[in-house]
Amino acid sequence: MKPEPARLWAGSRERIFTVLPGTVLANFNNPRSENALLWNIIYPRAQPYLSLHSLLRLKHFWGSSSPDDVKDDQLIPYYWGYSQNGSRLHALDDVLNELDGSGPKTEIDLFLLGQRNIILVEAKHTSVFGRCMRYSSRRCPEIHPAEADESVCRYWEPGPANFVDALAFGSRPDYDAEEIPCYTHYQLARTFVIGKTLAEQLSRQFALWVFLPQKHWRVVEKTWMDFVDRVVDDHLWRWMRVISWEQIQTLPSR
């Protein structure tokens with residue numbers, strides 16, 4: 001399986017297209033593909049890297065001011081965990097195995113890896129942030145134990161995958177819970193915990209960013225604002241960003 005030629009503006013001969021999972025490649029051919037949008041905008045501007053300073057100078061929908069003493073960094077893109085030449089991001093699989101367990105592995109859209117920083121990017125086109133499918137299908141171990149395939153949810157158990165070590169999600173959910181943030185913020189929370197753990201493994205500064213169309217910000221703004229209010233570490237909170245694809249496109253292609 002390969003993306004249709006019309007879906008790629010450049011880089012169709014890169015080795016990455018021989019190693020990407022079928023689920024990622026299939027999305028390229030979707031008319032609303034987030035993967036094609038990501039590749040076509042980032043690839044020509046990241047030859048051979050993106051400048052951290054150039055990204056921090058972009059106008060953003062959400063994000064705090066960058067400290068004046070932030071050093072520039074040459075950020076190498078890893079699309080869905082792979083460089084354009086097909087190499088896998090170091091330590092990523094070990095982190096996924098540790099945090100995701102035996103279930104489906106989290107597919108993060110973009111990693112920007114520098115000498116001092118690692119930025120995980122959630123790319124959006126028309127979709128919203130993903131919610132917990134086990135809860136949606138009434139198989140949550142905490143809320144629907146009779147229908148669940150596990151006795152407890154690992155994201156609430158002590159260990160590296162525990163959401164509440166990094167995010168203020170309150171107490172373990174039950175039938176009487178007025179809100180269930182692990183359901184609402186499932187995708188962002190998994191990405192955040194994976195990025196934080198991976199950054200520790202690689203000795204990098206971690207940041208979680210979102211790239212989306214300008215008109216889509218209002219669709220996800222409320223959910224994003226609730227999520228960032230739950231980030232425990234103030235330093236990590238200050239590194240978070242939401243930037244439009246339109247702003248990314250102002251960066252020069254190389």
Side-chain angles (χ1 to χ4, degrees), residues 3-12 14 16-17 20 23-66 72-84 89 106-114 117-130 185 187-188 190-192 195 206-225 227-228 239-254:
E4 297 175 2
R7 302 296 296 166
L8 298 179
W9 300 345
S12 60
E14 294 289 357
I16 187 174
F17 292 109
L20 284 175
T23 52
V24 173
L25 292 170
N27 181 270
F28 270 88
N29 298 324
N30 186 316
R32 296 183 177 183
S33 173
E34 293 167 343
N35 293 357
L37 181 67
L38 168 64
W39 176 265
N40 288 330
I41 292 180
I42 298 298
Y43 173 80
R45 293 169 173 80
Q47 302 300 321
Y49 59 83
L50 289 169
S51 160
L52 175 62
H53 276 181
S54 68
L55 291 172
L56 291 176
R57 282 194 293 266
L58 294 176
K59 182 180 178 181
H60 47 267
F61 287 122
W62 191 95
S64 61
S65 300
S66 303
D72 199 11
D73 207 355
Q74 298 178 356
L75 303 173
I76 307 298
Y78 284 78
Y79 310 89
W80 310 283
Y82 295 91
S83 69
Q84 64 187 46
L89 178 58
T106 304
E107 285 183 350
I108 295 169
D109 298 316
L110 179 65
F111 302 80
L112 298 174
L113 179 67
N117 301 273
I118 183 167
I119 300 169
L120 274 64
V121 177
E122 179 58 41
K124 291 300 179 187
H125 187 190
T126 61
S127 66
V128 297
F129 299 123
H185 300 304
Q187 182 182 34
L188 288 173
R190 285 181 67 172
T191 303
F192 191 92
F206 163 58
L208 173 61
W209 290 7
V210 176
F211 294 166
L212 45 63
Q214 182 171 327
K215 64 181 180 182
H216 199 54
W217 168 234
R218 295 303 177 192
V219 177
V220 301
E221 180 182 9
K222 182 178 179 180
T223 303
W224 173 259
M225 296 299 287
F227 178 76
V228 296
W239 272 93
M240 299 173 77
R241 287 282 190 283
V242 180
I243 304 174
S244 72
W245 289 117
E246 289 85 350
Q247 280 293 306
I248 301 294
Q249 285 180 292
T250 64
L251 298 174
S253 298
R254 304 191 182 193

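Just so you know, these numbers use all the heavy atoms, side chains as well, and skip hydrogens, waters and symmetry mates.
One N or O on the side chain of Gln247 and one on the backbone of Lys59 form a donor-acceptor pair closer than 3.5 Å. Remark: side-chain polar atoms of His60 are not paired, donor with acceptor, to backbone N or O of Ile243 under 3.5 angstrom. In terms of modelled atom types and a separation under 3.5 Å, the side chain of Asp109 and the main chain of Glu122 share no donor-acceptor contact. Of the possible donor and acceptor atoms, one in the side chain of His216 sits under 3.5 Å from a partner among the backbone N and O of Ser127. Proximity of a side-chain donor or acceptor of Trp39 to a complementary backbone N or O of Ala10 within less than 3.5 Å is detected. With Trp239 contributing its side chain and Ile119 its backbone, the two residues share no donor-acceptor pair below 3.5 Å. A donor-acceptor distance shorter than 3.5 angstrom exists from the side chain of Asp72 to the backbone of His53, with no hydrogens or angles considered. Side chain of Arg45 to main chain of Leu251: a donor-acceptor pair is present (N/O by atom type, distance under 3.5 Å, no hydrogens or angles). Counting only distance, with no hydrogens or angles, the side chain of Asp73 and the backbone of Leu52 share no donor-acceptor pair below 3.5 Å.
For the pair Leu110 and Trp80, the minimum side-chain heavy-atom distance is 4.5 Å or more. Side-chain contact between Trp245 and Gln214 is absent, with no heavy atoms from C-beta onward closer than 4.5 Å. No side-chain heavy atom of Tyr82 sits under 4.5 Å from any side-chain heavy atom of Leu89.
Ring centroids of Phe111 and Tyr79 are separated by 6.0 Å or more, keeping the two rings apart.
Every side-chain contact (heavy atoms from CB on, under 4.5 Å) that Ile76 has, sequence neighbours left out, goes to Tyr49, Tyr78. Legend: residues meeting salt bridge (charged side-chain N to carboxylate O under 4.0 Å, His left out) with Glu34, ordered by chain and number and at least two apart, are absent. With sequence neighbours excluded, the residues satisfying side-chain contact (heavy atoms from CB on, under 4.5 Å) with Ser12 are Leu8. Every salt bridge (charged side-chain N to carboxylate O under 4.0 Å, His left out) that Arg190 has, sequence neighbours left out, goes to Asp100. In this structure Ala36 satisfies the side-chain contact (heavy atoms from CB on, under 4.5 Å) test together with Arg7, Phe28, Ser33, Asn40, sequence neighbours excluded. Judged as a side chain to side chain donor-acceptor pair (under 3.5 Å), and not counting sequence neighbours, Arg32 has no contacts.
In this structure, Lys124 and Gln187 approach most closely via the heavy-atom pair NZ-OE1, 3.2 Å. Here the closest heavy-atom approach between residue Phe129 and residue Val220 is recorded as CE1-CB, 3.7 Å. Of all non-hydrogen atoms in Pro77 and Pro48, the two that sit nearest each other are CD-O, 4.3 Å.
Ser51 and Gln74 share no side-chain donor-acceptor pair at under 3.5 Å.
Of the inter-residue distances, the one linking Leu37 atom CG with Asn30 atom CG reads 12.0 Å to the nearest 0.5 angstrom.
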